Amino acid sequence: MTTPDVIEGLNTEFSVEDQWPVVAEPFTSWVLEDDFSDGRPPLEEAGVLLVDDVSPYELMKLRLLNASHQSLCYFAYLSGYRLVHEAGRRFVVRRIPAQLHGFRGDADAQGRCRESTCPSTNEP
């Protein structure tokens, strides 16, 4: 969420004046199809996973991340929350995606599923 603190921090730290910077989570997984027309930079040195086919990774993201996020948001909104991170602080709300999407195992105190797998997705 863009707040005055975010705008000020961007200006202070990077000398960038932007009245509506987009705040996002850091990426922890970059997967690219290794199909470049004329060579490529050494992306693997930056932690990028280069694969022949990104389709399984796209499906995994859609089924696990997007679907879980959506299911959490609907129930959180009906419970009066307007920001995901606020709803995620409630244990019962954090468990919703795991229960709806058939994860095995139970959520721990931080809402992470133990031994979780999604039956409809094979990890690439």
Side-chain angles (χ1 to χ4, degrees):
M1 176 148 101
T2 302
T3 64
D5 292 339
V6 170
I7 295 168
E8 177 63 29
L10 183 64
N11 192 335
T12 301
E13 191 170 345
F14 299 103
S15 299
V16 173
E17 292 185 30
D18 186 338
Q19 294 306 303
W20 207 261
V22 176
V23 179
E25 304 164 341
F27 280 99
T28 58
S29 178
W30 281 93
V31 180
L32 295 177
E33 201 160 275
D34 195 2
D35 186 22
F36 294 83
S37 61
D38 188 26
R40 63 170 170 74
L43 300 169
E44 62 278 359
E45 291 178 15
V48 175
L49 179 60
L50 296 152
V51 297
D52 292 329
D53 180 16
V54 295
S55 299
Y57 295 90
E58 290 174 322
L59 282 175
M60 185 170 54
K61 179 195 179 287
L62 290 172
R63 291 177 178 164
L64 295 175
L65 180 64
N66 291 22
S68 296
H69 192 254
Q70 283 299 112
S71 63
L72 184 142
C73 290
Y74 296 137
F75 289 106
Y77 188 85
L78 292 172
S79 297
Y81 293 98
R82 297 301 176 260
L83 300 173
V84 174
H85 74 278
E86 291 174 352
R89 292 183 184 137
R90 292 207 46 215
F91 181 69
V92 68
V93 174
R94 287 194 307 256
R95 292 185 62 186
I96 290 170
Q99 292 171 340
L100 287 176
H101 298 295
F103 287 97
R104 288 193 315 251
D106 194 14
D108 64 17
Q110 286 75 42
R112 297 178 301 236
C113 291
R114 289 186 224 121
E115 301 177 19
S116 63
T117 59
C118 182
S120 65
T121 304
N122 294 324
E123 185 177 336

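Values below: every heavy atom of this structure, side chains too, minus hydrogens, waters and symmetry copies. If you're wondering where the values come from, they're calculated on a predicted model, not measured in any experiment.
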(request) Could you give me the CA-CA distance, side-chain angles and deciding distance for Asp34 and Val51, then say whether side chain to side chain contact (heavy atoms under 4.5 Å, CB included) is met? (result) CA-CA 5 Å; Asp34 195 2; Val51 297; over 6 Å; no
(request) Please assess Arg40 against Leu50 for the test side chain to side chain contact (heavy atoms under 4.5 Å, CB included), listing each intermediate value before the final yes or no. (result) CA-CA 11 Å; Arg40 63 170 170 74; Leu50 296 152; 3.2 Å; yes
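Between Ile7 and Asp18 the shortest heavy-atom distance is CG2-O, 3.5 Å. For the pair Asp53 and Ser55, the tightest heavy-atom approach, listed with the atom from each and the gap, is OD1-OG, 2.9 Å. Here the shortest heavy-atom pairing between Asp52 and Glu33 reads O-CG, 3.4 Å.
Between the side chain of Arg82 and the main chain of Tyr77, a donor-acceptor pair closer than 3.5 Å is present. Put simply, the side chain of Thr2 never gets that close to the backbone of Trp20: no donor and acceptor are under 3.5 Å apart.
Remark: Phe36 CZ is packed, more than 12 non-hydrogen atoms of other residues, nucleotides or ligands lying under 6.0 Å away.
With hydrogens and angles left out, the side-chain atoms of Asp5 and Thr3 include no donor and acceptor closer than 3.5 Å.
Between Trp30 and Leu43, the closest side-chain pair of non-hydrogen atoms is not below 4.5 Å.
Expressed to the nearest 0.5 Å, how far OH of Tyr81 lies from SG of Cys73 amounts to 13.0 Å.
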